[in-house]
Number of protein chains: 2
Amino acid sequence: MAKGSATIYDVAEVACVSIATVSRVLNDSANVRADTRDRVHAAIKQLHFVPSTAARSLSGGRRGAIGLAYPLDEERTVATPSREDDASVLYTDAIIRGASWQASQLGYSLFACAVRIGGNNDAHPLHQLSSAVDGIILTDRVVNNVKAMRIAKRMHAVHLSGSGSSRFGGTIRVDNSGGISALVRHLADVHGTRNFGFVGGIPDSPDATARFDAVVSSVTEVGGRLDPENVLVGDFSLARAEAAIEERLRHDTSLPDVFVCANDQMALGVVRVLRDNGHHVPDKILVTGFDDIPVAGQIYPTLTTVTQPSFELGVAAVNMVIGLLDGEVAVGAIEILPTTLVVRGSCGCPIERSPR
Amino acid sequence: MAKGSATIYDVAEVACVSIATVSRVLNDSANVRADTRDRVHAAIKQLHFVPSTAARSLSGGRRGAIGLAYPLDEERTVATPSREDDASVLYTDAIIRGASWQASQLGYSLFACAVRIGGNNDAHPLHQLSSAVDGIILTDRVVNNVKAMRIAKRMHAVHLSGSGSSRFGGTIRVDNSGGISALVRHLADVHGTRNFGFVGGIPDSPDATARFDAVVSSVTEVGGRLDPENVLVGDFSLARAEAAIEERLRHDTSLPDVFVCANDQMALGVVRVLRDNGHHVPDKILVTGFDDIPVAGQIYPTLTTVTQPSFELGVAAVNMVIGLLDGEVAVGAIEILPTTLVVRGSCGCPIERSPR
DNA sequence: ACTTACATTGTAAGCACTTTCAGAGACGGT
DNA sequence: ACCGTCTCTGAAAGTGCTTACAATGTAAGT
């Protein structure tokens with residue numbers, strides 16, 4: 001970096017000690033006499049000295065920074081995202097905000113870096129990032145990347161992932177199954193639902209599969225059924241979900257009691273298509289979402305869904321990386337954050353007026 | 001980073017060349033025979049070698065990354081920000097997305113780092129960031145930071161700011177005056193407005209003053225007037241704008257034809273207060289905003305405003321940093337991005353139905 | 001065949017730190 | 001006064017890369 005900034009040698013000279021001593025003060029190792037330490041600190045302040053992260057990391061020390069890699073939107077996203085379609089962006093942003101906040105609290109810096117998930121170029125941002133930080137946080141879709149695996153094997157990493165776990169680092173996930181289970185129980189207990197349908201997300205997304213699995217087991221648990229023709233495949237997008245439900249309607253009009261959707265965007269599409277085809281929600285059929293995006297409480301019918309603690313996810317991830325770094329968290333640790341059922345109108349519950 | 005990853009020595013050994021040659025291939029400097037180059041590339045691929053950014057940057061080479069520093073929200077922001085109040089968050093996110101996208105296009109990585117703007121601790125994230133990247137982008141509020149100044153003096157930096165220009169790097173700003181001018185002309189030409197009013201932002205905000213100055217000169221240009229009692233002082237917040245307009249209403253009810261507001265949030269407040277006091281917008285009086293926040297097109301009346309190209313701001317910033325790095329952009333350069341008038345209902349134009 | 005210029009490659013000196021190892025005081029016990 | 005034991009400090013060896021400089025090889029010109 002910086003041309004002409006002070007080095008450890010300059011500090012050593014001013015403080016009349018060796019660079020080794022300066023280094024000790026910097027890493028506040030024990031065994032430096034108090035007045036020596038003070039002298040060094042004074043010199044540091046005087047010279048506005050800041051240790052070079054590059055050199056520090058080359059020689060094996062800590063960088064004091066942790067990285068967070070999230071998927072880069074391939075297309076050139078518009079400046080002000082439409083509110084419905086950009087829930088995933090908001091979700092990621094919330095995680096980043098949480099992570100930044102917690103890192104800052106703990107005296108670390110948080111570098112967030114968007115990585116092109118398909119990319120295979122050699123100067124991969126993931127590598128750049130990993131060599132600039134002490135530990136790394138990988139969000140859902142980034143995890144399934146060969147490069148990511150290699151990196152995780154080599155440095156402390158925590159995966160923010162819906163399923164599976166990392167043999168090489170820690171894993172934090174949101175309690176998809178608990179949320180789904182609460183949702184299904186609510187549907188069964190309060191609304192007497194028995195015949196379930198499901199609109200899934202991208203098959204290779206761990207969150208998507210976790211939610212699907214949870215639906216399967218919860219439905220079994222409450223003694224309901226989930227017929228194969230009522231399991232639709234989406235990709236988390238509103239458009240794809242609309243297409244899927246339209247397709248479903250063409251084939252057979254005897255519908256399940258409810259369509260549980262793997263996220264809110266898809267639920268919005270499903271509601272719209274159903275209504276356009278005369279299946280009023282929630283009078284004729286129920287629909288639920290997942291995520292609790294901002295619009296979920298604003299549309300008609302308000303959407304029954306499950307909230308994820310995205311900010312807390314970021315906080316927890318930072319805590320775990322640092323724990324890993326300090327050896328206080330064991331490799332392979334898994335932490336699961338609670339989700340909360342948010343009951344609104346689309347499951348047939350009476351609709352509250354929104355506060356404003 | 002990484003324990004046990006291949007080094008340049010390993011590659012050199014496999015390819016039967018010296019490390020210098022490997023380095024030349026890596027930085028594709030000329031003067032390496034074709035078959036030697038191939039041999040090295042093969043070795044690199046075989047060993048999954050990735051050069052250590054730390055070592056590379058230590059020895060003066062490029063890191064291949066650029067940094068972006070933005071202000072950290074001091075309070076623990078909630079996961080899903082309220083839609084009206086968090087325009088600034090969305091704005092920053094859009095810039096980051098633009099910068100990430102462009103950096104990726106150009107083969108760079110973009111590290112975004114939130115910095116506590118008041119913070120004065122020594123392990124300042126700004127330093128960490130700056131030593132991990134080749135150049136740095138500083139957003140508005142980060143610029144006015146002593147540390148930031150010191151860093152800008154020492155490494156290539158571009159400032160995203162309405163404020164003056166950086167003597168040490170480049171500056172990119174949005175064309176406040178062009179946007180205001182187009183807006184004022186529209187009001188004068190299409191709606192015959194002559195008697196203007198203005199609700200300003202924080203007096204010490206460069207954007208606020210730029211917008212005010214632009215209003216003054218544009219109004220003069222179209223032969224309109226801007227009476228002192230119709231120039232209200234806000235602080236960019238909805239609440240403060242409501243207070244200001246209420247105050248104005250108490251004193252004198254002969255209002256101007258329009259209130260041009262320095263941002264959308266204030267416009268929302270002004271519209272609300274005016275309507276509550278019987279001055280219907282746009283029938284009795286017109287109101288315009290600035291920024292085009294997401295709600296602007298969703299409320300009634302839809303808000304006539306000016307769009308800032310936030311995504312493009314990020315793109316331009318990355319281009320400029322890299323230009324600075326490559327010596328193709330001169331230090332002290334200023335680039336001004338165009339703004340676009342968005343005509344909607346609150347200026348009296350017919351309200352289009354939104355597409356859905 | 002013998003310069004000469006030039007293309008290619010190797011050698012080695014940094015770059016700014018951390019850390020091991022060993023040496024130098026200090027201090028109490030004998 | 002001497003020895004063992006601490007505590008503190010310095011010298012020096014990495015850490016992985018870039019690059020100036022030197023050395024070698026190669027082809028063209030005489």
Side-chain angles (χ1 to χ4, degrees), chain A residues 1-40 43-44 47-65 123 127-128 130-132 134 154-155, chain B residues 1-40 43-44 47-65 123 127-128 130-132 134 154-155:
Chain A
M1 70 164 235
K3 348 141 197 183
S5 42
T7 74
I8 201 174
Y9 292 93
D10 302 325
V11 175
E13 195 174 329
V14 170
C16 300
V17 294
S18 73
I19 59 165
T21 302
V22 177
S23 178
R24 286 190 192 99
V25 173
L26 252 29
N27 301 286
D28 45 39
S29 86
N31 298 342
V32 176
R33 215 194 306 144
D35 64 310
T36 311
R37 186 195 314 278
D38 292 346
R39 215 148 17 96
V40 171
I44 288 174
L47 296 170
H48 298 304
F49 167 75
V50 180
S52 145
T53 353
R56 173 171 272 184
S57 78
L58 217 208
S59 65
R62 287 252 182 119
R63 292 154 202 71
H127 280 123
Q128 317 259 27
S130 69
S131 74
D134 295 322
R154 293 192 163 147
M155 85 185 304
Chain B
M1 71 162 229
K3 343 136 200 185
S5 46
T7 74
I8 201 174
Y9 292 94
D10 303 325
V11 175
E13 195 173 328
V14 170
C16 299
V17 294
S18 74
I19 59 164
T21 301
V22 176
S23 177
R24 286 188 193 101
V25 172
L26 251 31
N27 301 285
D28 46 36
S29 90
N31 300 341
V32 176
R33 217 194 305 147
D35 65 308
T36 311
R37 188 194 314 278
D38 292 345
R39 212 149 18 98
V40 172
I44 288 175
L47 297 171
H48 297 303
F49 167 75
V50 181
S52 144
T53 352
R56 174 172 272 185
S57 79
L58 218 207
S59 65
R62 288 256 180 111
R63 294 154 200 70
H127 280 124
Q128 317 258 27
S130 69
S131 72
D134 295 321
R154 292 194 164 143
M155 83 184 307

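Distance CG (B:D10) to C1' (D:dT15): 13 Å, rounded to an integer number of Å. As rounded to whole Å, 16 Å separates atom P of D:dT24 from atom CZ of B:R33. Note: CG (B:D38) to C1' (C:dT8) measures 15 Å, nearest angstrom. Rounded to a whole Å, the CD1 atom of B:I44 is 13 Å from the C1' atom of D:dC17. If you take CZ of B:R63 and P of D:dG16, they are 18 Å apart, rounded to a whole angstrom.
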Take B:E13 and B:L47 through the side chain to side chain contact (heavy atoms under 4.5 Å, CB included) test and state the conclusion after the steps. CA-CA 11 Å; B:E13 195 173 328; B:L47 297 171; over 6 Å; no
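The two atoms that bring B:V17 and B:R39 nearest to each other are CG1-NH1, 3.8 Å, heavy atoms only. Residues A:I8 and A:S23 approach most closely at CD1-N, 3.8 Å, considering heavy atoms. Contact record, B:L58 with A:A54: N-CB, 4.1 Å, taken as the closest heavy-atom pair. Of all the heavy atoms in A:R63 and B:Q128, the pair that sits closest is O-OE1, 2.9 Å.
Applying side chain to side chain contact (heavy atoms under 4.5 Å, CB included) to A:R24 and the options A:L26, A:V22, A:T21 leaves one that passes, A:T21.
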Reading nucleotides 14-20 of chain C from 5' to 3' and marking B where a protein heavy atom lies under 4.0 Å of the base, S where only the sugar-phosphate is that close, and - otherwise, the string is BBBBBBB
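For A:N31 and D:dT7, the shortest distance from a side-chain N or O to OP1 or OP2 is not below 4.0 Å.
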